K.L.:
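What follows is a single structure, and I will ask about it in a moment.
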2 protein chains.
Amino acid sequence: MSVKPLPLAPQIACGDCQIRHRAVCARCEGDELQALEEIKYYRRFEAGQTLVWSGDRMDFVASVVSGIATLTQTMEDGRRQMVGLLLPSDFVGRPGRARAPYDVTATTDVMVCCFRRQPFEAMILRTPHLAQRLLEMTLDELDAAREWMLLLGRKTAREKIASLLAILARRNATLLSQTVKGRAITFDLPLTREAMSDYLGLTLETVSRQISALKRDGVIHLEGKRHITVPDMNRLLSEAGDDSDGGLVD
Amino acid sequence: MSVKPLPLAPQIACGDCQIRHRAVCARCEGDELQALEEIKYYRRFEAGQTLVWSGDRMDFVASVVSGIATLTQTMEDGRRQMVGLLLPSDFVGRPGRARAPYDVTATTDVMVCCFRRQPFEAMILRTPHLAQRLLEMTLDELDAAREWMLLLGRKTAREKIASLLAILARRNATLLSQTVKGRAITFDLPLTREAMSDYLGLTLETVSRQISALKRDGVIHLEGKRHITVPDMNRLLSEAGDDSDGGLVD
DNA sequence: CGGCCCATTGACTATGGTCAATATAAGTGG
DNA sequence: CCACTTATATTGACCATAGTCAATGGGCCG
């Protein structure tokens with residue numbers, strides 16, 4: 001794996017930032033935003049690079065600005081489980097904790113907005129807006145983790161794949177503010193089969209077989225290995241084992 | 001199921017409360033504590049009772065004072081997955097959310113300290129200590145949920161059981177401030193085989209078989225159905241698939 | 001072209017699930 | 001007090017789902 005020097009990350013003003021209104025900083029204005037501006041710096045990572053290794057010292061916390069990263073836990077014998085999927089605006093790291101408990105890996109090219117940990121921790125204590133937003137985001141992550149526990153513990157391989165595809169399709173639809181109802185949805189898989197298997201608690205062979213099966217059954221169409229079309233979102237959702245419109249109404 | 005009127009829950013002053021220094025209220029003093037005192041009330045539930053049904057309106061948030069409760073998700077066809085185990089000092093409910101996303105069930109007799117939701121939400125906004133403590137607790141829960149994802153996605157049935165027993169043993173040891181190293185540990189299972197299976201993503205038959213297997217292999221001793229002795233904690237931990245002393249050093 | 005990575009597919013196996021019988025303990029009511 | 005019921009747990013026989021191991025295919029890049 002060749003480690004090329006990365007192009008220096010551009011410094012973006014908070015006011016111009018794409019994730020300004022969804023990230024930890026969402027509720028900060030004026031002085032508060034200025035204070036964040038002073039302790040932040042950007043970093044870029046290429047697809048496949050590891051941002052942090054489990055057990056490493058972390059001197060920053062960060063927001064994902066663009067791209068997708070994953071949190072994974074690894075057992076001694078090599079079994080791996082992804083425990084988080086980080087999308088733009090998601091938060092990495094924990095105030096008050098110096099060591100990373102998971103590997104953080106870029107699955108696409110990723111840009112993060114890092115805040116030096118010490119000043120950020122101090123800021124949390126005196127900036128209620130920051131703590132409140134972080135609380136809200138953490139509660140959302142907890143909900144997502146619990147949804148994932150249901151998937152890992154009780155869903156079949158086919159349902160697991162359908163659930164993942166549904167999440168990606170929904171996310172893509174909201175990004176493009178397409179309507180999900182009715183019309184076909186199209187997107188690119190940002191994950192390899194192996195990453196999907198780590199996420200779903202399956203082997204990559206099972207992932208591959210189930211994707212083929214969903215294709216055979218017309219639930220999805222595939223172009224190449226990564227480009228997916230979902231002709232009928234409700235069909236996909238019912239394959240996922242959720243109530244047919246559960247995730248859409250909300 | 002006969003629904004007896006429960007004895008009225010006693011009103012305890014915050015100063016006398018067992019969980020005073022571990023619950024959401026831990027960092028509140030003086031006026032803040034007084035404000036909490038004014039919006040709180042206690043409720044008791046018997047083993048087996050449901051505190052809240054998924055989808056119900058919840059007009060309070062709460063701290064578990066004593067006993068054990070569970071959070072479970074249920075699929076339409078009845079498959080169930082426990083997504084949280086609530087021990088004394090743990091928090092139930094989410095500020096800013098009116099409907100419960102999970103069933104909350106008492107597995108032993110339970111006492112909770114409820115805070116009326118509206119005033120509690122208002123208090124979060126103006127009491128940084130409260131928001132900060134809740135953030136910390138939520139981050140801990142998120143870590144626990146992620147640990148659980150590794151278990152659900154990647155561990156074998158035997159490892160799952162050993163992991164659960166290890167958690168219960170450790171918790172019991174800390175409660176009694178016994179040292180975990182060396183000497184044998186003894187405790188009662190607070191969960192039925194079925195609840196264990198819901199927690200572990202297994203069937204109750206598999207739970208039963210694996211407990212029998214651990215007994216046969218001398219990893220645990222059983223008296224009756226519920227009383228467990230762990231002669232060698234390190235043995236149990238290595239059966240759980242964690243590094244042999246991972247959870248102890250900390 | 002050759003090598004590498006990612007993905008697919010097949011044959012076989014193993015782990016845990018299903019269905020069913022039986023055991024055990026704790027009530028409940030005659 | 002004992003028969004009866006009910007809830008909880010154990011065990012066995014069989015089966016299905018997903019895992020393992022291995023061969024093969026298809027892009028992409030040097």
Side-chain angles (χ1 to χ4, degrees), chain A residues 1-2 4 46-48 75 77-81 107-108 151-165 188-217 220 222-228 239 241, chain B residues 1-2 4 46-49 75 77-81 105 107-108 151-165 188-217 220 222-228 239 241:
Chain A
M1 193 174 290
S2 71
K4 294 173 235 165
E46 294 187 310
M75 294 172 67
D77 60 6
R79 281 176 282 175
R80 286 158 48 87
Q81 176 64 50
T107 64
T108 64
L151 176 142
L152 290 172
R154 295 302 186 194
K155 289 190 176 180
T156 64
R158 184 179 173 103
E159 288 170 335
K160 285 178 174 181
I161 298 286
S163 299
L164 177 57
L165 294 178
D188 281 312
L189 277 176
L191 303 173
T192 64
R193 299 290 185 267
E194 188 180 33
M196 294 175 70
S197 73
D198 284 345
Y199 207 160
L200 301 170
L202 297 171
T203 59
L204 69 88
E205 292 93 332
T206 298
V207 169
S208 190
R209 275 189 253 273
Q210 294 299 335
I211 287 181
S212 298
L214 288 173
K215 185 173 63 174
R216 252 199 325 278
D217 299 345
I220 59 173
L222 260 188
E223 262 172 278
K225 311 292 186 191
R226 297 292 192 89
H227 192 75
I228 294 210
E239 291 284 355
Chain B
M1 193 175 289
S2 71
K4 294 170 236 165
E46 294 187 311
Q49 276 192 304
M75 293 172 67
D77 60 7
R79 282 176 281 176
R80 288 158 45 87
Q81 176 64 50
T105 312
T107 63
T108 64
L151 176 144
L152 290 172
R154 295 303 187 193
K155 290 190 176 180
T156 64
R158 184 179 173 103
E159 288 170 334
K160 286 178 174 180
I161 299 285
S163 299
L164 178 57
L165 295 178
D188 280 313
L189 277 176
L191 303 174
T192 64
R193 300 289 185 266
E194 188 180 33
M196 293 175 70
S197 74
D198 284 345
Y199 206 160
L200 300 171
L202 297 171
T203 58
L204 69 87
E205 293 93 331
T206 298
V207 169
S208 189
R209 276 189 253 274
Q210 294 299 335
I211 288 182
S212 298
L214 288 173
K215 185 173 64 174
R216 253 201 321 280
D217 299 345
I220 57 173
L222 259 187
E223 264 171 278
K225 312 291 185 193
R226 296 293 192 89
H227 192 75
I228 293 209
E239 291 285 356

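Keep in mind that what you see is a predicted model, and the values were worked out from it rather than measured. Lettering of chains follows the sequences in order, A, B, ..., and the numbering in each one begins at 1.
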K.L.:
May I ask you to decide if B:Tyr199's main-chain N or O and B:Gln81's side chain share a donor-acceptor pair within less than 3.5 Å?
P.N.:
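Flag set: sc B:Gln81 to bb B:Tyr199 pair under 3.5 Å.
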K.L.:
Nearest of D:dT20, D:dA9, D:dT10 to any side-chain atom of B:Thr192?
P.N.:
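Nearest nucleotide to the side chain: D:dA9.
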K.L.:
Which listed nucleotide (C:dG16, C:dT8, D:dA9) is nearest to the side chain of B:Gln210?
P.N.:
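Between C:dG16, C:dT8, D:dA9, the one nearest the side chain of B:Gln210 would be C:dG16.
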K.L.:
Return whichever of A:Arg154 or A:Arg209 has its heavy-atom-nearest nucleotide of DNA chain C closer to the 5' end.
P.N.:
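The residue mapped nearer the 5' terminus is A:Arg209.
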K.L.:
Quick check on DNA chain C: between A:Val207 and B:Leu202, whose nearest nucleotide comes earlier from the 5' end?
P.N.:
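Nearest-nucleotide comparison on DNA chain C picks A:Val207.
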K.L.:
Do the side chain of A:Arg154 and the main chain of B:Leu202 share a donor and acceptor less than 3.5 angstrom apart?
P.N.:
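Looks like yes, one N/O pair under 3.5 Å.
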K.L.:
Taking atom P of C:dT15 as reference, at what distance in whole Å does atom CG of B:Leu152 sit?
P.N.:
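The distance from CG of B:Leu152 to P of C:dT15 comes to 19 Å, rounded to the nearest Å.
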K.L.:
Kindly indicate whether the side chain of A:Glu205 and the base of D:dC21 share any N or O donor-acceptor pair separated by less than 3.5 Å?
P.N.:
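Indeed, a donor on one side and an acceptor on the other fall under 3.5 Å apart.
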K.L.:
When we call it a touch if two heavy atoms are under 4.0 Å apart, what does A:Ile211 touch: a base, just sugar-phosphate, or nothing?
P.N.:
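Nothing, no heavy atom under 4.0 Å.
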K.L.:
What's the CG-P distance between B:Leu222 and D:dT11, to the nearest Å?
P.N.:
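Distance check: B:Leu222 CG to D:dT11 P gives 10 Å.
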K.L.:
Report yes if the side chains of A:Gln210 and A:Met196 come closer than 4.5 Å at any heavy-atom pair, otherwise no.
P.N.:
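Not in contact.
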K.L.:
In whole angstroms, how far is the P atom of C:dG17 from the CG atom of B:Leu200?
P.N.:
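From B:Leu200 CG to C:dG17 P: 10 Å.
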K.L.:
Rounded to whole angstroms, how far apart are CZ on A:Arg158 and P on D:dG19?
P.N.:
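In whole Å, D:dG19 P lies 16 Å from A:Arg158 CZ.
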K.L.:
With a 4.0 Å cutoff (strictly under), does any side-chain N or O of A:Thr206 reach OP1 or OP2 of D:dA18?
P.N.:
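A:Thr206 to D:dA18 OP1/OP2: no side-chain N or O under 4.0 Å.
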K.L.:
Classify B:Arg226 by what it touches in the nucleic acid, base, sugar-phosphate, or nothing, heavy-atom distance under 4.0 Å.
P.N.:
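Answer is sugar-phosphate: B:Arg226 comes under 4.0 Å of backbone atoms only.
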K.L.:
Could you grab the distance from atom OG1 of B:Thr206 to atom CD1 of B:Ile211, nearest 0.5 Å is fine?
P.N.:
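Result: 11.0 Å between the selected atoms.
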K.L.:
Report which part of the nucleic acid B:Ser208 touches: base, sugar-phosphate, or nothing (heavy-atom distance under 4.0 Å, all strands).
P.N.:
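If one applies the 4.0 Å heavy-atom cut-off, B:Ser208 turns out to touch a base.
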K.L.:
Taking only the side-chain nitrogens and oxygens of A:Thr203, find out if one of them lies under 4.0 Å from OP1 or OP2 of D:dT20.
P.N.:
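Checking A:Thr203 against D:dT20: no side-chain N or O falls below 4.0 Å of OP1 or OP2.
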